[in-house]
**Q** 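A single structure is presented below for examination.
All values derive from a computational prediction rather than experimental measurement.
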Amino acid sequence: MPGADTKAKPVVVWIHGGGYQAGSAAGFSGEDLIREANGGVVAVVIQYRLGVLGFLAGKEVQSGGVLNAGLCAGSVLQHVIAHDGKTSPPLFRAAITSSTFLPSQYAFDDIIPQTLYNEVVSQASCSSATDTLACLRASDPTTLQTINVNLSTNAFFGTFIFVPVVDGSFITQRPTQAMKEHKVNGEVLLSVTNTFEGFIFVDQSTADTVTASEYVSQLFPKFGAPEIAMAAAQYADLGAPIDQVNAIQGEAIFICPTYFLLNAFNNTSFKGQFAIPPAHHGDDVVYYFPS
């Protein structure tokens, strides 16, 4: 086209949040990112597989399917640590995270993801099948979605159960270990967290009954008594019990993983904090996509 700008531009890829369970590209206009960059970027807004359709794990999926199918597109953090930080060819130069999300990430055949697989099989009436994965593939999509919703809504409040696993190829080790060893893709990182990340993921109606130790035991089901006591002690002086668990949720799942990620980049990382009240998780997104 006559007069068209033919100069190469950097590409900004937006990966929506939602705990690998919810969310979509809808509502995120790439035009907002282009306008904020004065036309200097190309914006791409993507969708990816979610829930049981994207993050069902277990030995059967490893041998007959694709683990972490949703990660083909989803998650900035997981792409940063993918392939031990040696993704080839490199997919990006710089990464930006908004509320880095890192729940417990188990090996694909750990008892927790395997139990989830078995429960999906049971609810799909596939337990007696010779090939349970083939049976699931043949199930009506509506049935799978109903199972997805049932299991997710019955999970511990504020947690997401169908999440990435250590699969041995795309994700070769626990993200915390990969970051500790500086195994990252990309050259530069900008990470933003919100002041009160944990608030919306804690059942505030339990303020009169919740205790830090009980909450930790539910959030980290593989913790033993010593780990539970140690974690609760770290927050014992931080106000009322509900304030303690708000902080535990926010720091364990969002804020501490962000600092692990920042440290992995060896002085080429930058940290921001969104503090406009109430500064809960997700409150910053409207400023990236004002339309």
Side-chain angles (χ1 to χ4, degrees), residues 13-25 44-92 95 100-127 129-152 155 159-178 183-186:
V13 179
W14 171 259
I15 303 173
H16 71 78
Y20 306 105
Q21 179 66 35
S24 73
V44 177
V45 179
I46 64 171
Q47 302 251 120
Y48 52 101
R49 286 174 173 262
L50 301 170
V52 71
L53 299 178
F55 296 97
L56 182 64
K59 291 175 289 189
E60 294 81 356
V61 179
Q62 192 272 340
S63 62
V66 178
L67 293 166
N68 291 327
L71 288 187
C72 292
S75 178
V76 174
L77 169 61
Q78 302 291 329
H79 274 283
V80 166
I81 65 165
H83 306 116
D84 286 333
K86 298 177 181 178
T87 297
S88 181
L91 300 180
F92 53 89
T100 306
F101 175 61
L102 184 59
S104 296
Q105 190 158 332
Y106 303 104
F108 71 88
D109 57 352
D110 183 90
I111 188 172
I112 291 179
Q114 190 64 50
T115 298
L116 278 172
Y117 177 86
N118 295 341
E119 185 60 29
V120 171
V121 167
S122 175
Q123 292 196 23
S125 300
C126 288
S127 297
T130 303
D131 186 335
T132 56
L133 187 59
C135 182
L136 289 179
R137 287 194 174 110
S139 298
D140 185 277
T142 302
T143 299
L144 294 178
Q145 179 58 11
T146 299
I147 296 169
N148 186 41
V149 172
N150 287 344
L151 291 176
S152 298
T159 63
F160 300 85
I161 57 174
F162 293 109
V163 295
V165 293
V166 177
D167 56 34
S169 55
F170 188 77
I171 305 298
T172 64
Q173 61 186 149
R174 288 181 295 110
T176 49
Q177 188 63 31
K183 294 178 178 178
V184 293
N185 294 295

**Q** Which pair of non-hydrogen atoms, one from A134 and one from D131, has the smallest distance, and what is that distance?
**A** N-OD1, 3.0 Å
**Q** Locate the shortest heavy-atom distance separating Q105 from R174; write the atom from each residue and the value.
**A** O-CG, 4.0 Å
**Q** Counting only N and O atoms by type, is there a donor-acceptor contact under 3.5 Å from the side chain of Q47 to the main-chain atoms of A25?
**A** yes
**Q** First locate atom OG of S63, then atom CG of D109, and finally report the distance between them rounded to the nearest 0.5 Å.
**A** 11.0 Å
**Q** Can you tell me how far CG of L144 sits from CG of L56, rounded to the nearest 0.5 angstrom?
**A** 9.0 Å
**Q** Please check: side-chain N/O of Y48 versus main-chain N/O of H16, any donor-acceptor pairing under 3.5 Å?
**A** yes
**Q** Where does the angle between the aromatic ring planes of F170 and H79 fall among parallel (under 30°), tilted (30 to 60°) and perpendicular (over 60°)?
**A** perpendicular
**Q** Is the number of heavy atoms from other residues, nucleotides or ligands within 6.0 Å of CD1 (I46) greater than 12?
**A** yes
**Q** Go through the steps for L151 and Q123 under the test side-chain contact (heavy atoms from CB on, under 4.5 Å), then give the verdict.
**A** CA-CA 10 Å; L151 291 176; Q123 292 196 23; 3.5 Å; yes
**Q** Looking at G18 and F160, what are the two nearest heavy atoms and their distance?
**A** O-CE2, 3.8 Å
**Q** Quick one: does any side-chain atom of N185 pair with a main-chain N or O of L91 as donor and acceptor, under 3.5 Å?
**A** no
**Q** Using modelled atom types only, decide if a donor and an acceptor are shared between the side chain of T146 and the backbone of T142 within a distance under 3.5 Å.
**A** yes
**Q** Taking salt bridge (charged side-chain N to carboxylate O under 4.0 Å, His left out) as the test, write out the residues that go with D110, two or more places apart.
**A** K222
**Q** Closest approach of V163 and G19, non-hydrogen atoms and distance?
**A** CG1-O, 4.2 Å
**Q** Tell me every residue that passes disulfide (SG to SG under 2.5 Å) with C135, counting only those two or more places apart in sequence or in another chain.
**A** C126
**Q** Determine whether a donor-acceptor pair (N or O, by modelled atom type, separation under 3.5 Å) exists between the side chain of S152 and the backbone of N148.
**A** yes
**Q** What pair of heavy atoms forms the shortest contact from L116 to I161, and how long is it?
**A** CD1-O, 3.4 Å
**Q** Do any N or O atoms from the side chain of Q114 and from the backbone of K59 form a donor-acceptor pair under 3.5 angstrom?
**A** yes
**Q** For T132 and Y117, does a side-chain donor sit closer than 3.5 Å to a side-chain acceptor?
**A** yes
**Q** From D84 CG over to T172 OG1, what is the distance, rounded to the nearest 0.5 angstrom?
**A** 3.0 Å
**Q** Check whether any side-chain heavy atom of F55 lies under 4.5 Å from a side-chain heavy atom of N68, and answer yes or no.
**A** yes
**Q** Side chains of V165 and I171: closer than 4.5 Å at any heavy-atom pair?
**A** no
**Q** Taking side chain as C-beta onward, heavy atoms only, is L102 less than 4.5 Å from Q78?
**A** yes
**Q** Hey, are the side chains of V120 and F162 touching, using non-hydrogen atoms and a 4.5 Å cut-off?
**A** yes
**Q** Which heavy atom of V80 sits nearest to which heavy atom of A95, and what is that distance?
**A** CG2-CB, 4.0 Å
